[in-house]
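Here's the structure, in structure tokens; my notes come after.
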Amino acid sequence: MNTGDPIQHDIEKRKHEYVLDFIRKKDLLTSDGNVIFSQKAFVINSVLRWCLDAASKNKMSQAKWGKFNRVLSQYIAGIVDLQWRDGSLEVIEIPNDNQKRRKTRTRTKTK
């Protein structure tokens, strides 16, 4: 970031506020004394900033924006995990207890 450029500074400030507002609205902040915790903030920050950068370059359609918002909601709910690999966002499904039980039952039936 070029701190001498007031326009770029304003854009970065708006991104920062957008991400913080998103995290606050999703109630993802907890505190213990003067320490604030947000377990998923790093990934959420990187995904939202990537989306905001793409949108500012007109490389993000409304549909794609909605898709990333749904993926973030699933990430927050613990349905999926997210990780960056070679500049691409990978969405990894986390098996829930019913899926684990189903898999266990299937294994039991096949034995």
Side-chain angles (χ1 to χ4, degrees):
M1 178 175 88
N2 183 356
T3 56
D5 183 357
I7 294 172
Q8 186 63 31
H9 177 72
D10 187 52
I11 291 169
E12 288 301 317
K13 185 177 177 182
R14 286 178 187 214
K15 286 180 193 176
H16 177 77
E17 287 301 318
Y18 182 86
V19 171
L20 281 177
D21 191 48
F22 181 91
I23 290 170
R24 286 183 193 119
K25 284 181 179 176
K26 298 292 185 179
D27 200 26
L28 298 174
L29 298 173
T30 58
S31 64
D32 183 9
N34 65 347
V35 179
I36 297 174
F37 299 97
S38 184
Q39 183 178 359
K40 298 181 178 190
F42 179 78
V43 172
I44 291 168
N45 178 58
S46 68
V47 172
L48 285 176
R49 284 182 171 268
W50 181 84
C51 288
L52 290 167
D53 287 342
S56 72
K57 297 172 186 169
N58 292 325
K59 294 182 178 180
M60 175 76 62
S61 67
Q62 197 73 12
K64 198 171 183 182
W65 183 269
K67 175 186 171 188
F68 279 101
N69 270 317
R70 284 188 298 279
V71 167
L72 280 175
S73 293
Q74 291 173 335
Y75 174 66
I76 292 166
I79 297 168
V80 299
D81 197 10
L82 302 175
Q83 69 181 29
W84 290 102
R85 185 172 304 229
D86 300 324
S88 295
L89 185 65
E90 286 188 351
V91 178
I92 303 154
E93 186 174 345
I94 298 173
N96 63 31
D97 289 338
N98 291 334
Q99 290 170 322
K100 288 177 186 175
R101 280 191 227 121
R102 235 183 278 129
K103 287 180 181 177
T104 303
R105 285 186 201 140
T106 304
R107 280 190 219 125
T108 306
K109 289 179 180 178
T110 58
K111 288 185 176 181

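Treat the numbers as computed from the prediction; the structure is a model and nothing was measured.
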Whichever hydrophobic residues join Leu20 through chains of side-chain contacts under 4.5 Å: none
Set of residues satisfying salt bridge (Lys or Arg N to Asp or Glu O under 4.0 Å) with respect to Lys25, sequence neighbours excluded: Asp21
Connected via hydrophobic side-chain network under 4.5 Å: Tyr18 and Leu29: yes
Same apolar cluster: Leu89 and Ile23, side chain cutoff 4.5 Å: yes
Set of residues satisfying side-chain hydrogen bond (donor to acceptor under 3.5 Å, both in side chains) with respect to Asp10, sequence neighbours excluded: Arg14
Pairs touching residues 58-68 that satisfy side-chain hydrogen bond (donor to acceptor under 3.5 Å, both in side chains), sequence neighbours left out: none
Residues forming a ring-ring contact (aromatic ring centres under 6.0 Å, His included) with Phe68, sequence neighbours excluded: Trp50
Qualifying salt bridge (charged side-chain N to carboxylate O under 4.0 Å, His left out) pairs, either residue in residues 27-45, two or more places apart: none
Of all pairs that satisfy salt bridge (charged side-chain N to carboxylate O under 4.0 Å, His left out), the ones with a partner from residues 73-90, not counting sequence neighbours: Arg85-Glu90
Review item, side-chain donor-acceptor pairs of residues 70-80, under 3.5 Å, at least two apart:
unit_1	atom_1	unit_2	atom_2	d
Arg70	NH1	Gly66	O	3.4
Ser73	OG	Asn69	O	3.1

Validation row: Leu82, Ile92 side chains within 4.5 angstrom (heavy atoms): no
Without placing hydrogens or testing angles, list every side-chain donor-acceptor pair under 3.5 Å for residues 42-49, not counting sequence neighbours.
unit_1	atom_1	unit_2	atom_2	d
Asn45	OD1	Arg49	NE	3.1
Ser46	OG	Val43	O	2.9
Ser46	OG	Trp84	NE1	2.8
Arg49	NH1	Glu12	OE1	3.0

